[in-house]
> 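Could you have a look at this structure, given as structure tokens, before my questions?
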Amino acid sequence: MKVKTILVSQPEPKVENSPYFELQQKHKIKIDFRPFIHVEGVNAKEIRLQKIDLNHYTAIILTSRNAVDHFFRVADEMRYKVPEGLKYFCQSEAVAFYLQKYVVYRKRKIYVGAKDFADLSPLIKKYKDEKFLLPASDQLNADAPITLNNLKVDWTQAIFYKTVMSDLSDLADVYYDVLAFFSPTGIKSLFKNFPDFKQNDTRIAVFGSTTQKEALDYGLRIDILAPTPETPSMTMALEKYISEANKGK
């Protein structure tokens, strides 16, 4: 069956040269973007109930841009003046780059990992006497606590923001040939909004093994899977599938 419409369960890319737009033009298909989940901040009062006092910590571990935004939001709400000597351990270059939105980079102590959380291990180990705070979501990946516990450092996890399922009721009567998912929560959101969802001819595209597992647990048929050695990105996986499905169009 040919593909004419795709719904991507993420916000629309802000860059003009996104591979999604190239895909759209090349195959003359319609791609819509709609986040199935969104992030909501936890207020300072709730964070205090987690027994978190920002003055207690000498180092902050930041795993995402959301973590950066919500750490500084909470600091502001708590009227906490961020000290110049505070150390920042960023999971990736992208997170460290985003941190510049809030701090003057050259004046700060910033340590950057390659990509995965475990890549921060040598850096954290080097500063093992610090008191680490990990501001995170309510759906933190297990690799962070495992890594920190193995390093035997003084660390605390705090929920600064939550992943919430979006209201998709306006999509009830809209049909797409392909639905693309990037997280287990996105799949959960589909079924929370549409408990009677029947896949029928809808193709399901998933990114990542945890998303794949969630889709299978809900009884969905997975037609497009990424990353694979051949298709490391979702757009490449869609491109490959569409090229096959729309042959002889």
> Is there a side-chain contact between Lys101 and Val68 in this structure, where contact means two heavy atoms from C-beta onward sitting under 4.5 Å apart?
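Counting from C-beta outward, Lys101 and Val68 never come under 4.5 Å.
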> Side chains of Pro135 and Tyr161: does their closest heavy-atom pair fall under 4.5 Å?
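No, their side chains stay 4.5 Å or more apart.
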> If you compare all heavy atoms of Tyr175 against all heavy atoms of Thr5, which two are closest, and at what distance to 0.1 Å?
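In terms of heavy atoms, the two residues are closest at O-OG1, 4.0 Å.
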> Yes or no on salt bridge (Lys or Arg N to Asp or Glu O under 4.0 Å) for Lys213 and Asp217, after CA distance, side-chain angles and deciding distance?
CA-CA 6 Å; Lys213 183 182 181 302; Asp217 286 350; 2.9 Å; yes
> Would one find more than 12 heavy atoms of other residues, nucleotides or ligands at under 6.0 Å from atom NZ of Lys87?
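Correct, the count exceeds 12.
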> Indicate whether any N or O donor in one side chain lies under 3.5 Å from an N or O acceptor in the other, for Asn66 and Ser64.
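Looking only at side-chain atoms, Ser64 and Asn66 do not form any donor-acceptor pair under 3.5 Å.
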> Any side-chain heavy atom of His38 sitting closer than 4.5 Å to one from Ser166?
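His38 vs Ser166: side chains touch.
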> Does anything in residues 5-24 form a ring-ring contact (aromatic ring centres under 6.0 Å, His included)? List the pairs, not counting sequence neighbours.
Tyr20-Phe33
> May I have the step-by-step check of side chain to side chain contact (heavy atoms under 4.5 Å, CB included) for Leu216 and Ile222, ending in yes or no?
CA-CA 8 Å; Leu216 294 171; Ile222 295 169; 3.8 Å; yes
> Establish, yes or no, whether a centroid distance under 6.0 Å links the rings of Phe36 and Phe181.
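Yes; Phe181 has its ring centre under 6.0 Å from that of Phe36.
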> Do Ile159 and Ser137 touch side chain to side chain, with heavy atoms closer than 4.5 Å?
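No, their side chains stay 4.5 Å or more apart.
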> Is Phe89 close to Leu62 at the side-chain level, that is, under 4.5 Å between some pair of heavy atoms?
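No, side chains not in contact.
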> Given the side-chain rings of Tyr218 and Phe197, with only the six-membered ring counted for Trp, is the space between their centroids under 6.0 Å?
no
> Using a 4.5 Å cut-off on heavy atoms from C-beta on, say whether the side chain of Val112 contacts that of Ser92.
no
> Find out whether Thr211 and Phe182 are in side-chain contact, i.e. whether some heavy atom of one side chain is under 4.5 Å from a heavy atom of the other.
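They are not in side-chain contact.
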> Which heavy atom of Pro35 sits nearest to which heavy atom of Leu168, and what is that distance?
O-CD2, 3.9 Å
> Might you point out which heavy atoms bring Val3 and Ala245 nearest each other, and give the distance in Å?
CG2-CB, 4.4 Å
> Ignoring hydrogens, what is the shortest heavy-atom contact between Cys90 and Leu99? Give both atom names and the distance.
SG-CD2, 3.9 Å
> Look at the side-chain heavy atoms of Ile, Leu, Val, Met, Phe, Trp and Tyr, link any pair under 4.5 Å apart, and say whether Tyr98 and Leu86 land in one connected group.
yes
> Are the charged groups of Arg73 and Glu77 less than 4.0 angstrom apart, N to O?
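Counted as a salt bridge, because a side-chain N and a carboxylate O are separated by less than 4.0 Å.
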> Going from CG on Asp177 to NZ on Lys30, what distance comes out if it is rounded to the nearest 0.5 angstrom?
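Answer rounded to 0.5 Å: 11.0 Å.
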> Minimum heavy-atom separation for Gln157 and Pro145, please, with both atom names.
OE1-CG, 4.2 Å
> Provide the closest heavy-atom pair for Ser183 versus Ile37 in the form atom of the first, atom of the second, distance.
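Taking Ser183 first and Ile37 second, the nearest heavy atoms are OG-CD1, 3.6 Å.
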> Whether the Glu239 and Thr235 side chains hold a donor-acceptor pair (N or O, under 3.5 Å, no angle test) is what I'd like checked.
no
> Drop me the distance from Lys81's NZ to Arg79's CZ, to the nearest 0.5 angstrom.
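Here the interatomic distance stands at 15.5 Å.
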> Say you draw a straight line from NZ of Lys198 to CG of Asn200; how long is it, rounded to the nearest 0.5 Å?
8.0 Å
> Can you confirm whether Leu148 sits close enough to Ile61 that some side-chain heavy atom of one is under 4.5 Å from a side-chain heavy atom of the other?
yes
> Would Ile124 and Lys128 count as a side chain to side chain contact (heavy atoms under 4.5 Å, CB included) here? Give the steps.
CA-CA 6 Å; Ile124 292 172; Lys128 62 182 188 308; over 6 Å; no
> I'd like to know if Asp170 pairs up with Arg34 as an ion pair, taking the criterion as any Lys NZ or Arg NE/NH1/NH2 lying under 4.0 Å from an Asp or Glu carboxylate oxygen.
yes
> Under the criterion side chain to side chain contact (heavy atoms under 4.5 Å, CB included), I'd like the reasoning laid out for Ile47 against Phe160: C-alpha separation, chi angles, the key distance, then a yes or no.
CA-CA 7 Å; Ile47 290 165; Phe160 274 44; 4.0 Å; yes
> Val206 and side-chain contact (heavy atoms from CB on, under 4.5 Å): which partner among Leu179, Asp223, Leu225, Leu220?
Leu225
> Pick out which of Phe72, Phe97, Tyr88, Phe71 makes a ring pair (Phe, Tyr, Trp, His ring centres under 6.0 Å) with Tyr102.
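The option that passes is Phe72.
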> Carefully, step by step, assess Glu130 and Thr58 under the rule side chain to side chain donor-acceptor pair (under 3.5 Å).
CA-CA 6 Å; Glu130 302 292 338; Thr58 58; 2.6 Å; yes
> Say you draw a straight line from NZ of Lys162 to NE2 of His70; how long is it, rounded to the nearest 0.5 Å?
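Interatomic distance, Lys162 NZ to His70 NE2, rounded to 0.5 Å: 12.5 Å.
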